[in-house]
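Both ligands and their constituent atoms are indexed starting at 1 by order of listing.
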Amino acid sequence: MKDQYAVIGNPIEHSKSPWIHAKFAAQTGEPIEYGRILGPLGGFLDEAKRFRDAGGRGMNVTVPFKLDAHAFADSLSPRAAAAGAVNTLSFGPDGVRGDNTDGVGLVRDIEVNLGVSLKGARILLLGAGGAARGVVLPIFDRAPAALTIVNRTAAKALVLVDQFAENASQSNVRFSGGGADAAEAGQYDVVINATAGSLDAALPDCDDSAFGPGTLAYDMMYGPKPTVFIQHAQKLGARAADGLGMLVEQAAESFFIWRGVRPDGGAVLRELRGALAQH
Ligand code: ATR
């Protein structure tokens, strides 16, 4: 019998994770099976325990259960502790280990798949919710020159600035944040949309002068059509990317945690884009 993994979320029907992990398994020859579980709202713990007790080796966790998974874990990786959320659970002899691969997935997609180095870069992060919190430390790890967090509710950006101030100074990163007026003057090298705005076609507040021909505008969301953020950035001359590569790369990092083998995310991303283009 193959080792069992699954993604749990609600809704879960359209999750691409089973497809992605099946590709990784084929690519690496790892003997795994990866399914999907619809977790009832308020019923995460029972479902996760049931899967583990039946011999499951690990789970990916998606909306709305990442905080429940954080609470379920007996131990946390530093990046999961900083994010306050868990998207990868491993079930082993030492109990339930929680990790968060979203931030690393974002960074890998930007640097490896899109070919934009974050070292010395000026980065603008839009949003100060769970998605933004999860990417701050992995961004610092790439030694950018500056990270600015801009959020509709300025106070929430300031909470993150406070939380990560010490990490920023250790990494030598100029780190600040607030409302829309907190952005530094001039073009940013990378602008990341970590707001939930794309879900309801809302454009997060941000000065147009942050975007230019030298900017990579990255939306963590993805969909069949370019988001309003992507369209806006392109109109201002920026290069733009959606979050499909982040999805594949966070999965690749989870696979690596579980199996000790790193799959080729770029190849699977190209295949996934090709498959989606046909629909
Ligand atoms: P997630 O886990 O996806 O980050 P969250 O923690 O609820 O979800 O955070 C949502 C983020 O998107 C917040 O930064 C939110 O801004 P506020 O803190 O001001 O609420 C941001 N957001 C949601 N809808 C938005 C919109 N229409 N315009 C701008 N920002 C928006």
Handout entry: Phe229 and His232 aromatic centres sub-6.0 Å
Key = no
Exercise for the section: May I ask you to check whether over 12 heavy atoms, not counting those of Arg36, lie within 6.0 Å of atom CZ? Expected result: yes
Exercise for the section: Assess the side chains of Asp99 and Thr88: does a donor N or O sit below 3.5 Å from an acceptor N or O? Expected result: no
Completion exercise
the protein heavy atom lying closest to atom 9 (O) of ligand 1 turns out to be Gly129 CA, 3.4 Å
Handout entry: Which of the ligand 1 atoms, numbered from 1, are nearer than 4.0 Å to a heavy atom of Gly127
Key = 14 (O)
Problem - Per-atom contacts, ligand 1 versus Lys156 - under 4.0 Å to a heavy atom - result: 17 (P), 18 (O), 20 (O)
Fill in the blank from the handout: Within 4.0 Å of some non-hydrogen atom of Ala202, the atoms of ligand 1 are 27 (N)
Exercise for the section: Report yes if the distance between the aromatic ring centroids of Phe255 and Phe24 is under 6.0 Å, otherwise no. Expected result: yes
Practice task
With atom 13 (C) of ligand 1 as the reference point, say which of Thr195, Asn151, Thr153, Val150 has the nearest heavy atom.
Solution key: Asn151
Exercise for the section: Kindly check if the number of other-residue, nucleotide or ligand heavy atoms within 6.0 Å of CD (Gln170) is above 12? Expected result: yes
Completion exercise
In terms of its nearest heavy atom to atom 6 (O) of ligand 1, the top option of Gly130, Ala194, Ala128, Ala180 is Gly130
Completion exercise
Near Ala131 (heavy-atom distance under 4.0 Å), the atoms of ligand 1 are 1 (P), 2 (O), 4 (O)
Exercise for the section: Please work out which of Met220, Met221, Arg152 has its closest non-hydrogen atom nearest to atom 31 (C) of ligand 1. Expected result: Arg152
Problem - Ring centre gap for Phe140 and Phe175 strictly below 6.0 Å - result: yes
